[in-house]
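Here's the structure we're looking at; comments come further down.
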Amino acid sequence: MKLKWKSLFLSCCAALTIVSSAHAAAPISVLINDRYVETDVAPFIQNGTTFVPLRSIEQIDGLSIKSWDNQTKTLVVADSTKSMTFRVSSNQSQSILIKNNRVMVPIRFIAENFNCDVAWDANTRTVQIVKLNEEAKANLNSDDLTTSRIAAITIPRISTLKELPEGQSSGGNFRILFPEGKSKAFFIIQNGVAYYYEVRENAAWHIWSGTIGGNNNKFWVTNSGISSEVGQRPTINDRLFFYHIHTHSGQSEYGFVTTDGKETTLGTQDMNKLEELYPIPEEK
């Protein structure tokens, strides 16, 4: 009997080792400004730091490899405002590595030092990096509310939240809602799921999402219950002004929702794409 239990124990340990090894071997993806970067050498994690091939960082807007000295193993990376020097050293979170004769660089450390938004999605093992050009930043910070809103909903998005299953297709219809007079926080409601984003320096960060359905767990933004949710549900104390967009007809309705869930439609206007977002005259 002891031998039987010992055999079973060893079998379980072996199975766990196989599962663990399979997870560790899952590939790492690099997403820069919503585009996946193709690499001829696989990124890897070492001592908690993610390393990518040197040429990957040239995909970051405005960033370039100024020089590489093979003799001293010294790398200089620069943009239009500054440069940074990296060397092979024991401080791996801030240094470069040579692996299989390839230069590998710590992607988060470099990206954050050049003012990028950076996140690690453990669900998909994806490094997400966003850096906006000066025109996009100017639009995002514009005093014109509509210009700022268009920038907010069209810049790249970052998410580290688990995806919720979508419900019945909304047939190309979706809603965008902004707190009154604001542009850097917004909801998108589509296919039975509400998504909430907040804009930081370069990206719209996915803060919360909830599956719409049922009568419990009411959320006035959707005027319905939320059957499941991930992230931190936002507290909204303002009216929300909405655009209900019908992509097939190129039409949209606009109006507002009060904090008691009462909805008022104010009018309609042509709208074929996000860049055609328009001001709502009744909004303060």
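Ile150 is connected to Leu274 through a chain of hydrophobic side-chain contacts under 4.5 Å among Ile, Leu, Val, Met, Phe, Trp and Tyr, so both are in one cluster. Val230 and Tyr196 end up in different hydrophobic clusters when Ile, Leu, Val, Met, Phe, Trp and Tyr side chains are linked at under 4.5 Å. Ile28 and Val130 fall into different hydrophobic clusters, where Ile, Leu, Val, Met, Phe, Trp and Tyr are joined by side-chain heavy atoms under 4.5 Å apart, directly or via other members.
Summarising the geometry, atom OG1 belonging to Thr265 is positioned 4.0 Å from atom CZ belonging to Phe242; distances are rounded to the nearest 0.5 Å. Atoms CG and CZ, on Leu31 and Arg157 in that order, are 13.0 Å from each other to the nearest 0.5 Å. Ser183 contributes atom OG, which lies 10.5 Å from atom CG of Asp143 (distance to the nearest 0.5 angstrom).
Contact detail for Leu240 and Pro179: the closest heavy-atom pair is CD2-N, 3.4 Å. Closest approach of His206 to Ser159, counting heavy atoms only: ND1-OG, 2.8 Å. When every heavy atom of Tyr36 is checked against every heavy atom of Thr126, the shortest pair comes out as CE2-CG2, 4.4 Å. Ile107 and Ile57 get closest at one heavy-atom pair: CD1-CG2, 3.7 Å. Residue Gln190 comes nearest to Tyr195 through the heavy atom pair O-CE1, 4.3 Å, listed as atom of the first residue, atom of the second, then distance. The nearest pair of heavy atoms linking Gly172 to His248 is CA-NE2, 4.2 Å.
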Practice item. Any chance you could lay out the side-chain contact (heavy atoms from CB on, under 4.5 Å) test for Gln46 and Phe51, step after step, and finish with the verdict? Key: CA-CA 8 Å; Gln46 184 165 303; Phe51 289 88; 4.1 Å; yes
Point to revise | Test side-chain contact (heavy atoms from CB on, under 4.5 Å) applied to Phe44 and Lys99, step by step | key: CA-CA 11 Å; Phe44 62 90; Lys99 185 174 182 179; 3.6 Å; yes
Practice item. For the pair Phe114 and Val77, evaluate side-chain contact (heavy atoms from CB on, under 4.5 Å) and give the outcome as yes or no after the intermediate values. Key: CA-CA 10 Å; Phe114 284 94; Val77 178; 3.9 Å; yes
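Under the 3.5 Å distance criterion, the side-chain polar atoms of Arg200 are left unmatched by any main-chain donor or acceptor of Asp117. Without hydrogens or angle criteria, Thr39 side chain to Val41 main chain gives a donor-acceptor distance under 3.5 Å.
Within 6.0 Å of CD on Gln232 lie no more than 12 heavy atoms contributed by other residues, nucleotides or ligands. The environment of Asn215 atom CG is sparse: at most 12 non-hydrogen atoms of other residues, nucleotides or ligands sit within 6.0 angstrom. No more than 12 heavy-atom neighbours from other residues, nucleotides or ligands sit within 6.0 angstrom of NZ on Lys162.
By the side chain to side chain donor-acceptor pair (under 3.5 Å) test, Asn191 is found to be paired with Glu166, Ser170, residues two or more places apart in sequence or in another chain being considered. Remark: Phe186 engages Phe178, Tyr197 in a ring pair (Phe, Tyr, Trp, His ring centres under 6.0 Å) (not counting sequence neighbours). Evaluation of the ring pair (Phe, Tyr, Trp, His ring centres under 6.0 Å) rule for Trp208 yields Phe219 as partners, not counting sequence neighbours. Residues meeting the side chain to side chain donor-acceptor pair (under 3.5 Å) test with Asn272, sequence neighbours left out: none. Scanning for ring pair (Phe, Tyr, Trp, His ring centres under 6.0 Å) contacts around Tyr278 gives Tyr243, Tyr254, with sequence neighbours left out.
A side-chain N or O of Ser228 and one of Thr211 form a donor-acceptor pair less than 3.5 Å apart. In this model, a donor atom of one side chain and an acceptor atom of the other lie less than 3.5 Å apart for Asp260 and Thr258. Inspection of the Thr81 and Asp79 side chains reveals an N or O donor paired with an N or O acceptor under 3.5 Å.
Counting only residues at least two apart or on different chains, no side chain to side chain donor-acceptor pair (under 3.5 Å) pair has a member in residues 26-35.
If you run salt bridge (charged side-chain N to carboxylate O under 4.0 Å, His left out) between Glu283 and each of Arg149, Lys182, Arg239, only Arg149 comes through.
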